[in-house]
Amino acid sequence: MKSFLSVLCILCLWAAPVRAAGDGDIRELKEQMQLMREQFDDMQASYEQKMVEMQERIDELENKQAASAGPAKDEEQVQQLQDRVASLEQNQNSNQGLAGALNRFNPSISVIGDLTYHTTDQEGGEADNEFNFREAELAFSANVDTYARGDFFVAIENEDGATEVALEEGYLTLLETPVENLQGKFGKFRPAFGKANRMHLHSLAWADYPKVVQNYLGEEGFSEAGASASYLIPNPWDVYSELTLEGFNNNDAAVMGGASGGDAVYLAHLKEFFEFSEALTLEVGGSQMYGENNEGEGAVTRVSGADVTWKWKSQTPGSSHGWAWQSEALFSKREQIEDGEDGASLTADDLDSWGMYSSLEHSLTQRWSAFGRYDFSQMPADSDPESRGYSTGLTFAQSEYAFWRVQFTHTDHETAEDANEVWLQLNFGIGPHRAHTY
Amino acid sequence: MKKLFLILAACSGMFLGIIPAHAASKLKVITTTMDLKSIAESIGGDKVDVESLGQGNQNYHFLAAKPSYMMKAKRADLFIRSGLELEVGYEPLILEGARNPNIQIGRPGHLDASIGIAALDVPQEVDRSMGDIHPSGNPHHWLDPLNAKIIAANIAERLSVLSPQDAAGFQNNLNRFDEQIDRKMKDWRKTLLPYQGERIVTYHKSWEYFARRFDLEIVDELEPKPGIPPSPGHLKDVIAEVKDQKIKVILQENLYKDDAARYVASATGAAVVVSPISVGGTKAVNDYFVLIDTIVHAVADGFQKADGAGKGSNT
């Protein structure tokens with residue numbers, strides 16, 4: 001016990017100065033650690049600054065290299081570029097390069113196909129009750145020169161089992177003329193009557209054209225050879241205000257009630273476009289057509305139209321919601337002139353008739369949309385038979401270039417049996433195609 | 001019919017008489033994107049009046065050629081497009097409909113802002129089966145601040161051609177713009193320095209230029225192909241990649257819904273970073289520098305959030 005206590009005392013005596021020394025050392029150590037920490041922080045900051053400066057220098061060198069030598073950054077890419085240059089030089093020398101260069105002047109070429117299955121419960125109805133490759137539209141578009149663009153649309157259609165090839169449209173658009181704000185169009189084109197008549201089949205929100213268009217203008221609207229001038233009317237409000245004046249051949253019986261041969265149809269269309277916000281727009285149009293018909297010497301047909309289109313698109317990022325409400329009305333006044341018993345011409349009562357449609361389309365998502373359309377139409381040669389159509393449909397756009405559609409239409413015919421129709425439609429295109437008018 | 005024509009012609013003449021004279025003191029500039037607008041305003045200063053057709057909260061790929069855009073382009077002295085086919089869907093209709101010969105392609109009043117920019121993702125072959133690809137390369141070039149200097153130089157050069165008397169001023173503005181880019185680049189680099197070399201996943205192929213500049217590696221996109229919405233099968237593959245490579249951040253622009261990103265994040269622990277991709281993409285992003293600031297800090301915050309959550313192991 002005494003030995004233990006002695007050792008313990010010795011240890012305590014030994015530890016006392018160590019401890020006293022340790023307190024001082026610890027303080028010194030702490031100070032040194034603090035100093036080292038501060039030095040480390042300084043080094044880190046200096047290192048980061050140097051890294052930033054080095055990266056900037058690299059960026060500067062990369063930019064210089066990119067500006068002078070393109071995206072190549074290493075030997076392998078430089079070699080690839082050199083090989084490519086050599087290949088291009090060879091092609092140029094062997095005339096393959098010449099052909100390649102000339103190919104760059106080729107027009108934009110696209111083909112759009114339309115396949116349908118159309119069925120109806122109407123006896124003697126016009127439905128095919130089978131698959132029908134309704135149309136393949138070949139479109140060619142390019143600038144002709146610095147002043148004009150050329151467009152051609154060739155339709156290969158299946159009509160009653162027979163294949164027909166028709167030039168749907170082919171025209172030169174003068175983009176610049178001596179008159180400011182004036183453009184001209186010459187060739188065969190869809191006249192600027194209303195809105196639906198100017199739309200190609202693949203750009204419709206529906207599987208078929210509205211009944212009023214079919215009955216008065218043609219099953220798919222109509223096109224004629226002629227000339228067109230459109231003028232942007234200057235105004236202090238910068239409102240889009242376009243006046244179009246056209247003259248074209250009077251060859252289409254459905255439109256003017258029979259051609260008298262050689263005479264022209266004259267058309268005027270005024271389009272006003274208002275943008276209330278990024279989301280909401282309104283287009284309003286008025287149309288007037290005038291041409292002789294075959295209902296007597298000097299008898300003319302006048303067709304007037306009005307069109308209104310509201311569009312709303314959600315501006316919420318990520319949202320594809322939108323609405324389009326498109327309506328048109330058409331009024332036809334067809335003079336009829338008979339020969340009197342004394343040889344003088346007598347004017348019979350004008351044959352007045354009209355029709356309209358109103359369609360509401362809703363974009364549900366980026367790919368899905370639905371529509372409902374109401375049709376009312378008399379006939380241009382007889383105002384008595386009236387028909388009212390109720391259509392609804394759903395469209396799935398698998399991409400910008402292909403869509404699938406199902407449409408159901410119920411039609412009340414005043415002088416015929418009511419009809420129910422179902423359309424299944426597939427529309428798809430290849431090649432670059434010009435964007436459609438808004 | 002003749003009467004109608006005369007009436008309409010008279011109305012047109014009446015309007016011609018009351019059209020205000022063109023304000024010759026400022027160049028009227030139309031841009032297709034808000035980023036170009038911001039840069040053009042920095043270079044042009046009080047010598048330009050700039051308007052953008054596209055807004056920052058819109059997808060610039062899919063603008064419609066509204067007649068109202070044609071009216072804006074009609075009065076322009078300079079039309080600036082971003083280029084690399086970003087505007088291929090609507091620019092031809094707008095230029096033709098505007099009936100302004102000064103801004104047609106090839107004229108001094110038409111500028112492709114991408115001239116001189118080394119494009120990324122230039123495809124060797126082009127086919128629609130590859131999705132929505134651009135034959136000339138990835139068009140989102142403005143997200144690299146050093147490309148902004150090239151764009152600014154292009155704009156300064158063209159403004160100087162159109163308004164030679166103000167060329168010295170445009171050059172001074174360009175110098176100031178470049179200096180500000182250089183200054184801000186130091187800050188941006190410093191902010192993202194800790195994350196150099198980190199791998200990320202993006203929604204769309206929009207971020208390649210940004211990633212290259214700030215040394216981030218994009219491993220995959222939520223879209224299986226550009227422009228094709230995420231599919232369950234592809235998201236399953238992305239989840240496996242994120243876990244395997246311990247990816248911490250999924251970056252996407254606020255133009256798309258974030259459902260797919262959040263689904264991948266919930267399965268992997270990665271952080272979802274939703275950011276504007278253009279000036280005006282949110283109300284607070286009112287110029288180009290604020291845009292890059294916003295993106296840089298959003299990405300940095302995303303990495304910090306992922307690190308802080310301690311889910312870097314992606315178990």
Side-chain angles (χ1 to χ4, degrees), chain A residues 48-49 51-53 55-56 59-60 62-63 65-67 70-71 146 149 173 175-176 180-183 231-236 238-243 245 266 268 270-271 273-275 278 281 283 288 290 302 311 313 315-319 366-367 399-401 430 432 434-438, chain B residues 1 4-5 8-9 11-12 15-16 18-20 55 57-59 64-68 70-72 74-75 88-90 92-93 95-99 101 104 106 116-120 122 128 132 146 149-150 182 185-186 189-190 193 196 213 215 227-229 253-258 276 281:
Chain A
E48 286 177 359
Q49 180 62 27
M51 284 291 291
V52 169
E53 286 170 359
Q55 190 61 51
E56 284 171 6
D59 289 340
E60 190 182 348
E62 279 179 3
N63 260 2
Q65 184 184 34
T146 58
R149 193 188 74 245
T173 304
L175 302 173
E176 285 185 41
E180 193 179 343
N181 298 326
L182 182 71
Q183 288 181 344
Y231 181 68
L232 265 191
I233 303 173
N235 59 84
D238 266 348
V239 168
Y240 186 93
S241 182
E242 180 187 44
L243 174 66
L245 300 174
Y266 301 98
L270 182 64
K271 171 178 170 179
F273 184 87
F274 306 95
E275 185 171 38
E278 278 297 323
T281 64
E283 178 183 327
Q288 174 83 12
Y290 168 99
R302 293 182 181 82
K311 287 189 180 179
K313 189 174 187 320
Q315 296 300 299
T316 302
S319 171
Q366 184 183 358
R367 298 192 159 184
S399 69
E400 294 172 65
Y401 313 107
I430 57 175
R434 279 172 60 85
H436 299 123
T437 307
Y438 182 77
Chain B
M1 184 65 195
L4 174 65
F5 177 77
L8 287 168
C11 289
S12 306
F15 279 123
L16 282 168
I18 56 175
I19 297 166
Q55 303 304 306
N57 61 344
Q58 296 172 334
N59 191 330
K66 291 193 248 183
S68 50
M70 298 172 192
M71 292 306 291
K72 291 178 184 176
K74 184 173 161 22
R75 296 165 73 80
V88 68
Y90 54 88
L93 287 178
L95 292 182
E96 287 176 13
R99 307 177 196 214
Q104 300 305 312
I117 288 177
L120 299 180
V122 180
R128 285 208 190 130
D132 182 21
L146 297 192
K149 291 169 79 171
I150 299 174
D182 292 339
M185 275 299 293
K186 288 189 168 99
R189 282 211 173 283
K190 194 170 176 180
L193 189 63
Q196 247 185 351
R213 185 54 58 211
D215 297 305
I228 307 299
E253 51 268 60
N254 61 354
L255 300 179
Y256 302 105
K257 291 185 177 176
D258 60 1

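Computed from a predicted model, the values in this text were never measured in an experiment. Every heavy atom of this structure was used, including side-chain atoms; hydrogens, water molecules and symmetry mates were not. Naming convention: chains lettered A, B, ... in sequence-line order (proteins, then strands); numbering from 1 in each chain.
Scanning all heavy atoms of the two residues, the minimum distance from Gly318(A) to Lys257(B) falls at O-CE, 3.6 Å. Of all non-hydrogen atoms in Gly89(B) and Ala435(A), the two that sit nearest each other are O-CB, 3.0 Å. Taking all atoms of both residues into account, the shortest heavy-atom contact from Arg75(B) to Asp238(A) is CD-OD2, 3.1 Å.
With respect to the salt-bridge test (charged N to carboxylate O, under 4.0 angstrom), the residues Arg149(A) and Glu96(B) qualify.
Between chain A and the options Gly106(B), Pro92(B), Pro101(B), heavy-atom pairs under 4.5 Å are most frequent for Pro101(B). In terms of heavy-atom pairs under 4.5 Å with chain A, the best-connected choice from Gln58(B), Lys72(B), Met185(B) is Gln58(B). Most heavy-atom pairs under 4.5 Å with chain B: of the set Glu400(A), Gln315(A), Glu278(A), Lys311(A), this distinction falls to Glu278(A). Taking His436(A), Arg367(A), Glu180(A), Gln183(A) one by one and counting their heavy-atom pairs under 4.5 Å with chain B, the maximum is reached by Gln183(A). Listed options Lys190(B), Lys74(B), Gln196(B) were ranked by heavy-atom pairs under 4.5 angstrom with chain A; first place goes to Lys74(B).
Note that the OG atom of Ser399(A) and the CG atom of Asp132(B) stand 10.0 Å from one another [nearest 0.5 Å]. Taking OH of Tyr438(A) as the reference point, atom CE of Met70(B) lies at 11.0 Å (rounded to 0.5 Å). To the nearest 0.5 Å, the span separating CZ on Arg434(A) from OH on Tyr90(B) amounts to 15.5 Å.
Looking at Phe274(A), neither its backbone nor its side chain comes within 4.5 Å of chain B, counting heavy atoms on both sides. In this structure, no portion of Glu253(B) lies under 4.5 Å from any heavy atom of chain A. At a 4.5 Å heavy-atom cutoff, the contact between Asp182(B) and chain A is made by backbone atoms alone. Of the atoms belonging to Leu232(A), heavy atoms from both backbone and side chain fall under 4.5 Å from chain B.
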TODO: Starting from the C-alpha separation in whole Å, work towards a yes-or-no answer on salt bridge (Lys or Arg N to Asp or Glu O under 4.0 Å) for Lys66(B) and Glu283(A).
DONE: CA-CA 10 Å; Lys66(B) 291 193 248 183; Glu283(A) 178 183 327; over 6 Å; no
Open item on the list: Apply side chain to side chain contact (heavy atoms under 4.5 Å, CB included) to residues Ser68(B) and Tyr240(A) and explain how you reach the verdict.
Closed with: CA-CA 6 Å; Ser68(B) 50; Tyr240(A) 186 93; over 6 Å; no
